[in-house]
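In what follows, a structure is listed as structure tokens, so that the remarks can point back to it.
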There are 2 protein chains.
Amino acid sequence: MNTTSERRGWTQNPDAVKQDILAVAVSEFASNGLSGTRVDTIASRTRTSKRMIYYYFGDKLGLYTRALEAAYLKVREGEATLDLDHLPPREALAKLVAFTFDHHRENPDFIRMVMIENIHNAEHLAASEVIRDLNVAAIEKLAVICRRGQAQGVFRAGIDPLSLHWQISAFSFFNVSNRPTFSAIFGAALFEDAAQTTLRQQIVEAILGIVSKPATEG
Amino acid sequence: MNTTSERRGWTQNPDAVKQDILAVAVSEFASNGLSGTRVDTIASRTRTSKRMIYYYFGDKLGLYTRALEAAYLKVREGEATLDLDHLPPREALAKLVAFTFDHHRENPDFIRMVMIENIHNAEHLAASEVIRDLNVAAIEKLAVICRRGQAQGVFRAGIDPLSLHWQISAFSFFNVSNRPTFSAIFGAALFEDAAQTTLRQQIVEAILGIVSKPATEG
DNA sequence: ATTCAAATGATCCGGTTAGTACATTTCACT
DNA sequence: AGTGAAATGTACTAACCGGATCATTTGAAT
């Protein structure tokens, strides 16, 4: 049982083969979409062969679905490292928003997989219970912050955690998903590090504004 | 010269043929993506033939690029109907945001074309000067509102119209683009008319909050 | 050392699809 | 009514690509 790296003669290693295929598949599907991706191309970037793809994943759609799940799993895994319970509500929320913004930026392949899935009306995602569970858990984390903020009187009443999640996602997702068209039209300045930091701060404040008690006018 | 509807024997009508092809192309590309779209399918939904597609548009990519332009043109055309100059700045901005939100909802094919173009890193859009001009004009409209608001002292200083446009777009675009995955995971409630009205109001307020002079805290 | 299922290699195939070749018709202008 | 270019119809093809077929090897248990 040698490491997964070297392969002389050949040694069986089913799990490594599956993971190898999945990693390449995520990358290819994210880059080229479902019908734009060639199974042969995936195979060629793999340490194994096309034969193995069909052996383990049945067909192209099967592979795509598993790749989609893999992308979600990896990203939600990253989110789990975030501990917010010890922070006061406003700071917890601010940290969550800033983290989400950064995390999306760092995982463009995930974003692209979701874009592609949206193009396909989420029909493959709908078939995967795994993914639904992951995301519902993410909402619960947000709901906890909302309740704490309301209990302490720093958040207004009647906040809908789902709407809030929608708003946070809208900013963070769009920032990555529409970067190509946006910068093709308006230039890339908004996506350089300095501008992104400003933008992140702005949306943190915008979100905090949404949950804050009304006070302004004019 | 009869109308474009009936076609007995056959009568030449180059412009109508081109428009017919383009309309179908937008619909097909928006639904299935670039590589997911079949030229034969487009042809079959047309009153003309595949031969004509290649005759007028050269190849699949040429047709795609023209379809992308057509989608942009149609949407920007709709936006031009909006007259904001007679409104006070806050109301003008509020109206612009609400309109953008609705307008995006009403043009899902356009949204999907942009999504697809983003998947392709905007490489076809980048080749089209037409589109860039259209959008830069849209920003200018926003800049005018900002300047008026600042002159009247109701907006804070240092607003970047481009960032503002980014924020408005993020909400309005995401609302359509990610509806499939979002509702697959969290249910469709947020996308029914009542909830959408609430959401729209929320984001109008969020945007107004961004441009307003600081006053709140806690 | 045999056995047998799991894992892998090597090669092939049939349908699909973008694009083309060739022929024909329309129509504006003489 | 003739001419020629633009417009359209019909049929074909070459390449590509998802998937299948058949054979071989590995490795764990007997």
Side-chain angles (χ1 to χ4, degrees), chain A residues 1-29 31-68 116 120 124, chain B residues 1-29 31-68 116 120 124:
Chain A
M1 196 178 294
N2 61 357
T3 73
T4 187
S5 57
E6 187 68 37
R7 199 77 92 76
R8 33 153 274 98
W10 57 271
T11 316
Q12 285 184 189
N13 197 348
D15 283 345
V17 167
K18 275 188 255 189
Q19 286 312 119
D20 185 17
I21 294 173
L22 268 183
V24 176
V26 169
S27 161
E28 281 294 316
F29 282 124
S31 294
N32 309 109
L34 177 45
S35 45
T37 291
R38 305 292 148 234
V39 177
D40 287 285
T41 306
I42 294 178
S44 73
R45 285 186 51 194
T46 294
R47 252 178 273 104
T48 177
S49 66
K50 182 160 72 158
R51 176 70 181 77
M52 288 293 96
I53 292 176
Y54 287 95
Y55 184 67
Y56 284 121
F57 299 97
D59 58 8
K60 189 183 180 179
L61 260 181
L63 177 59
Y64 171 79
T65 306
R66 298 289 304 274
L68 183 64
I116 289 160
H120 293 278
H124 316 97
Chain B
M1 196 177 295
N2 60 358
T3 72
T4 186
S5 57
E6 188 67 35
R7 196 79 91 77
R8 32 153 274 99
W10 56 271
T11 316
Q12 284 185 187
N13 196 348
D15 282 345
V17 167
K18 274 188 256 189
Q19 286 311 119
D20 185 18
I21 292 173
L22 268 183
V24 176
V26 169
S27 161
E28 281 294 317
F29 282 125
S31 295
N32 308 311
L34 177 45
S35 45
T37 291
R38 304 290 149 237
V39 178
D40 287 286
T41 306
I42 294 178
S44 73
R45 284 185 51 193
T46 294
R47 248 178 276 103
T48 177
S49 67
K50 182 160 73 158
R51 177 68 179 78
M52 288 294 95
I53 292 175
Y54 286 95
Y55 184 65
Y56 284 122
F57 300 97
D59 58 8
K60 189 181 179 180
L61 260 181
L63 178 58
Y64 170 80
T65 306
R66 298 288 304 274
L68 182 64
I116 289 160
H120 293 278
H124 316 97

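Below, each value reflects all heavy atoms present in this structure, side chains not excepted, and no hydrogens, waters or symmetry copies. Per chain, numbering begins at 1; letters A, B, ... match sequence-line order.
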Next on the checklist: Working note: Thr48(A) + Ile53(A), criterion side-chain contact (heavy atoms from CB on, under 4.5 Å); need CA distance, chi angles, decisive distance, verdict.
Outcome noted: CA-CA 9 Å; Thr48(A) 177; Ile53(A) 292 176; 5.8 Å; no
Next on the checklist: Can you identify which nucleotide, out of dG18(D), dT8(C), dA18(C), has its nearest atom closest to the Tyr55(A) side chain?
Outcome noted: dT8(C)
Item to check | Between P of dA7(D) and CD1 of Ile53(B), the distance in whole Å | outcome: 16 Å
Checklist entry - Do the non-hydrogen side-chain atoms of Val26(B) and Leu68(B) ever get within less than 4.5 Å of each other? => result no
Next on the checklist: Checking Lys60(A) now: which residues fulfil side-chain hydrogen bond (donor to acceptor under 3.5 Å, both in side chains) with it, not counting sequence neighbours?
Outcome noted: none
Checklist entry - NA contact type, Ser35(A), heavy-atom cut-off 4.0 Å: base, sugar-phosphate, or nothing? => result nothing
Next on the checklist: Run the side-chain contact (heavy atoms from CB on, under 4.5 Å) test against Thr37(A) and tell me which residues pass, sequence neighbours left out.
Outcome noted: Glu28(A), Phe29(A), Asn32(A), Ile42(A)
Checklist entry - What one-letter contact string describes nucleotides 10-16 of chain C from 5' to 3', where B marks a base within less than 4.0 Å of any protein heavy atom, S marks contact via sugar-phosphate atoms alone, and - marks no contact? => result B------
Item to check | Test ring pair (Phe, Tyr, Trp, His ring centres under 6.0 Å) applied to His124(B) - qualifying residues, sequence neighbours left out | outcome: Tyr64(B), His120(B)
Item to check | DNA chain C contacts among residues 56-67 of chain A, heavy-atom distance under 4.0 Å | outcome: Tyr56(A)
Checklist entry - With sequence neighbours left out, which residue pairs that include part of residues 40-62 of chain B fulfil the ring-ring contact (aromatic ring centres under 6.0 Å, His included) condition? => result none
Would you be so kind as to tabulate the donor-acceptor pairs closer than 3.5 Å made by side chains of residues 15-24 of chain B, with sequence neighbours excluded?
unit_1: Asp20(B); atom_1: OD2; unit_2: Arg47(B); atom_2: N; d: 2.8

Next on the checklist: Tell me the bend of the helix from dA1(C)-dT30(D) to dT30(C)-dA1(D) as the angle between end helix axes, each from five pairs, rounded to the nearest 10 degrees.
Outcome noted: 10°
Next on the checklist: Could you work out, with salt bridge (Lys or Arg N to Asp or Glu O under 4.0 Å) as the rule, every residue matching Asp59(A), not counting sequence neighbours?
Outcome noted: none
Checklist entry - Residues in side-chain hydrogen bond (donor to acceptor under 3.5 Å, both in side chains) with Ser27(B), at least two apart? => result Arg45(B)
Checklist entry - The side chain of Met52(A) lies closest to which of these nucleotides: dT8(C), dA18(C), dT8(D)? => result dT8(C)
Item to check | Closest approach of Ala67(B) to Ala25(B) (non-hydrogen atoms, all atoms of both residues) | outcome: CB-CB, 4.2 Å
Checklist entry - Among the nucleotides dA18(C), dG18(D), dA7(D), which one has an atom lying closest to any side-chain atom of Pro14(B)? => result dA7(D)
